[in-house]
Amino acid sequence: MAASRRAGFATSQPGTDLEAQERENDSAIAAMGDRVSELRKLTYGIKSEVDSQNNVLDNMGDLMTRARFGLGGAVTRFKRVFHEPRSRNTFFIVIGAVVLLFVIYLIIAHSLGSSDTARACT
C-alpha cells in the first residue's frame, strides 16, 4: 500500500497523481543539490585549510633550517674561543663580570624590597 521508493524516486501506483510525484521528485532533487553544494563548500574549506597548514609547516621548516645553521656557526665560534687561551681568558672575564653584576642586582633588589616592607609596616 505504501509507495515504494528506489534511489529517491517515487514509482507510480494506480490512483496517484503524476504531477504530485514530479513535484516530490523535483523537491528531492533540489534538496540533494543543496547538500551537494554544502559538501562542495566544505571540501573547498578543508582544501584551503590544508594548503594554509602546509604553508605554515614549510615556513617552519625553513626557520628551523636557518636556526640549525645559525646554531652551528655559534658552536663553531664557541669552540674556537675555548681552543685559544687568550680568548678563553677573555670569555671568563666577561662571564665573571656578568655574574658580578647579577649578584649586585640581587643585593640591591633585596635591600630595596626589605626597605619597602619596613615602610609598609610603619
Side-chain angles (χ1 to χ4, degrees):
M1 293 248 222
S4 65
R5 297 186 179 267
R6 269 196 194 146
F9 296 108
T11 58
S12 61
Q13 288 188 357
T16 59
D17 185 20
L18 288 177
E19 288 180 15
Q21 289 177 352
E22 285 294 323
R23 284 191 300 272
E24 185 178 331
N25 284 341
D26 289 342
S27 67
I29 289 171
M32 194 179 306
D34 292 341
R35 288 181 186 164
V36 168
S37 176
E38 289 176 17
L39 286 174
R40 182 177 293 145
K41 288 177 186 175
L42 180 65
T43 302
Y44 285 138
I46 290 172
K47 181 189 179 307
S48 66
E49 182 64 26
V50 166
D51 290 342
S52 171
Q53 294 295 325
N54 281 337
N55 287 336
V56 167
L57 289 174
D58 288 342
N59 291 338
M60 189 181 301
D62 292 342
L63 290 173
M64 293 301 283
T65 301
R66 282 190 238 146
R68 185 179 311 129
F69 286 129
L71 186 60
V75 167
T76 302
R77 287 188 298 273
F78 195 69
K79 284 180 183 178
R80 191 177 327 135
V81 164
F82 274 105
H83 286 335
E84 297 175 11
R86 186 174 181 168
S87 296
R88 190 178 321 140
N89 290 340
T90 305
F91 175 76
F92 287 127
I93 290 170
V94 169
I95 292 297
V98 168
V99 169
L100 180 66
L101 289 173
F102 184 70
V103 169
I104 291 171
Y105 167 77
L106 289 178
I107 291 170
I108 290 172
H110 180 69
S111 67
L112 289 178
S114 62
S115 65
D116 289 343
T117 307
R119 281 187 217 148
C121 292
T122 59

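Keep in mind the model is a prediction, meaning the values are calculated, not measured. Because only heavy atoms are used, hydrogens play no part in the values below, and waters and symmetry mates are left out as well, while side chains stay in.
Atoms NZ and CD, from Lys79 and Glu84 in turn, are 14.5 Å apart once rounded to the nearest 0.5 Å. Taken from CG in Asp58 to CG in Leu63, the straight-line distance is 11.0 Å, to the nearest 0.5 Å. Summarising the geometry, atom CD belonging to Glu22 is positioned 8.5 Å from atom CD1 belonging to Ile29; distances are rounded to the nearest 0.5 Å. Rounded to the nearest 0.5 Å, atoms CG (Leu71) and OG1 (Thr76) are 9.5 Å apart.
Using a 4.5 Å heavy-atom threshold, the side chains of Arg23 and Asp17 count as touching. With a 4.5 Å cut-off on side-chain heavy atoms, Ile107 and His110 do not count as touching.
With respect to Lys47 and Asp51, a salt bridge is recorded, a charged nitrogen being found less than 4.0 Å from a carboxylate O.
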Practice problem: Before giving the answer on side chain to side chain contact (heavy atoms under 4.5 Å, CB included), spell out for Ile46 and Glu49 the whole-Å C-alpha distance, their side-chain angles and the decisive distance to 0.1 Å. | Solution: CA-CA 5 Å; Ile46 290 172; Glu49 182 64 26; 5.7 Å; no
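Tracing side-chain contacts under 4.5 Å through hydrophobic residues (I, L, V, M, F, W, Y), one reaches Leu42 starting from Val50; they form part of the same cluster. Each of Val75 and Phe91 belongs to its own hydrophobic cluster when Ile, Leu, Val, Met, Phe, Trp and Tyr are linked at side-chain heavy-atom distances under 4.5 angstrom. If you chain together hydrophobic residues whose side chains sit under 4.5 Å apart, Val36 and Tyr44 never meet in one group.
Environment of CD in Gln53: crowded, with over 12 heavy atoms of neighbouring residues, nucleotides or ligands closer than 6.0 Å.
Distance alone, capped at 3.5 Å, places no donor-acceptor pair between the Ser52 side chain and the Ser48 backbone. A donor-acceptor contact shorter than 3.5 Å is absent between the side chain of Ser37 and the backbone of Gly33.
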